[in-house]
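Presented below is the structure to which this report refers.
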Amino acid sequence: MQKLNPLLHQLDQELHRYLAFDNTKKVHEHLLEYDEESVSDIIPKISVTDLDIISRIANYHEIRIKELVDTVYFPQGTVSKIVNRLVKKELIRKYHRSDNKKDVYLKLTANGQIIAKLHEKYHEKENKKLNELGTNFSNSDLQKLTEILRKINELREN
């Protein structure tokens, strides 16, 4: 077996650490800190993946399921399961438009909108910390790291 370059091994270890980190508890704590009573019982039952789907839907007035699939890194079957789970939790609703009975459209409910706003606040806070970290590196450093990660992803996908 060919040995891995020690620096690439460190990078690989950090990527595994990143993937293994589960921030669900941290996100729930944040949402509950700023939450409105109407959704406090729902928050502990929502996964980070659920929040990602809710956030994607929040970016649109309405979106078709197949358009939603194009915005995420999950297969259609996974997205459909998540959507159905969120419908049961009454965070999104599915419907057909009168001018298009074929496609299924998605829209956030009032509680879904509240959760989307709370989740957006969480990301604003995290983005501020990430931007502060970014000041320690040049744009060239960040571009190189981005290129390395993109190429690693391409290797894994092929």
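A donor-acceptor pair under 3.5 Å is absent between the side-chain atoms of D12 and the main chain of L8, judged by distance alone. Side chain of N136 to backbone of L133: a donor-acceptor contact under 3.5 angstrom is found.
One hydrophobic cluster holds both L51 and L32 under the rule that ILVMFWY side chains link at heavy-atom gaps under 4.5 Å. Connection of V69 to Y73 is not established within any shared hydrophobic cluster, with ILVMFWY side chains joined at heavy-atom distances below 4.5 Å, either directly or through further cluster members. I92 and I63 end up in the same hydrophobic cluster when Ile, Leu, Val, Met, Phe, Trp and Tyr side chains are linked at under 4.5 Å.
For the atom pair CG (D141) and OG1 (T146), the distance works out to 10.5 Å, reported to the nearest 0.5 Å. A distance of 12.5 Å separates CG of L108 from OH of Y60, quoted to the nearest 0.5 Å. Within the model, atoms CD1 of I65 and NZ of K94 stand 5.0 Å from one another, a figure rounded to the nearest 0.5 Å. For the atom pair I57 CD1 and E67 CD, the distance stands at 11.5 Å (nearest 0.5 Å). For the atom pair CD of E90 and CG of N111, the computed distance is 8.0 Å after rounding to the nearest 0.5 Å. The structure places CG of N100 at 7.0 Å from CZ of R64, a figure rounded to the nearest 0.5 Å.
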Report the C-alpha distance between K128 and E124 in whole Å, list the side-chain angles of each, state the deciding distance to 0.1 Å, and finish with yes or no for salt bridge (Lys or Arg N to Asp or Glu O under 4.0 Å).
-> CA-CA 6 Å; K128 182 179 179 194; E124 286 172 4; over 6 Å; no

Hey, mind stepping through E14 and R17 against salt bridge (Lys or Arg N to Asp or Glu O under 4.0 Å) and telling me if it holds?
-> CA-CA 5 Å; E14 289 301 323; R17 180 176 160 204; 3.2 Å; yes

Would V83 and V104 satisfy side chain to side chain contact (heavy atoms under 4.5 Å, CB included), going step by step from the backbone distance to the final call?
-> CA-CA 11 Å; V83 163; V104 176; over 6 Å; no

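I46 approaches H28 most closely through the heavy-atom pair O-NE2, 2.5 Å. Residues A116 and I54 approach most closely at CB-CG2, 3.8 Å, considering heavy atoms. Closest of all the heavy-atom pairs between L4 and H9 is CD2-CA, 3.6 Å. Smallest separation of non-hydrogen atoms from H96 and K102: CE1-O, 3.9 Å.
Side-chain contact between K25 and E29: present, with at least one pair of heavy atoms (C-beta onward) separated by less than 4.5 Å. When side chains are defined from C-beta on, K89 counts as touching D50, because their heavy atoms get closer than 4.5 Å. Residues L118 and V39 are in side-chain contact: their nearest non-hydrogen atoms beyond the backbone lie under 4.5 Å apart. You'll find the side chain of L91 stays beyond 4.5 Å of the side chain of R85, heavy atoms only. Within the 4.5 Å cutoff, side-chain heavy atoms of L15 are placed close to those of L149. At least one side-chain heavy atom of T49 sits less than 4.5 Å from a side-chain heavy atom of F74. Side-chain contact between V72 and T78 is absent, with no heavy atoms from C-beta onward closer than 4.5 Å. Side-chain contact check for Q10 versus L7: some heavy-atom pair is nearer than 4.5 Å.
Open room surrounds NZ on K45; 12 or fewer heavy atoms of other groups in view lie less than 6.0 Å from it. Heavy atoms from other residues, nucleotides or ligands lying under 6.0 Å from CZ of F21 number more than 12. Environment of OH in Y95: crowded, with over 12 heavy atoms of neighbouring residues, nucleotides or ligands closer than 6.0 Å.
Classification of the H119-Y122 ring pair by plane angle, with boundaries at 30° and 60°, yields parallel.
Under the side chain to side chain contact (heavy atoms under 4.5 Å, CB included) rule, I82 has a single partner from V79, L86, N84, which is L86.
At a threshold of 4.0 Å, the pair E147-R150 counts as salt-bridged, since one of the basic side-chain nitrogens sits closer than that to a carboxylate oxygen.
Under the side-chain hydrogen bond (donor to acceptor under 3.5 Å, both in side chains) criterion, D52 pairs with no residue, sequence neighbours left out. Residues that satisfy the side-chain hydrogen bond (donor to acceptor under 3.5 Å, both in side chains) test with K129, not counting sequence neighbours, are E126. For D99, the salt bridge (charged side-chain N to carboxylate O under 4.0 Å, His left out) criterion is met by R97, not counting sequence neighbours.
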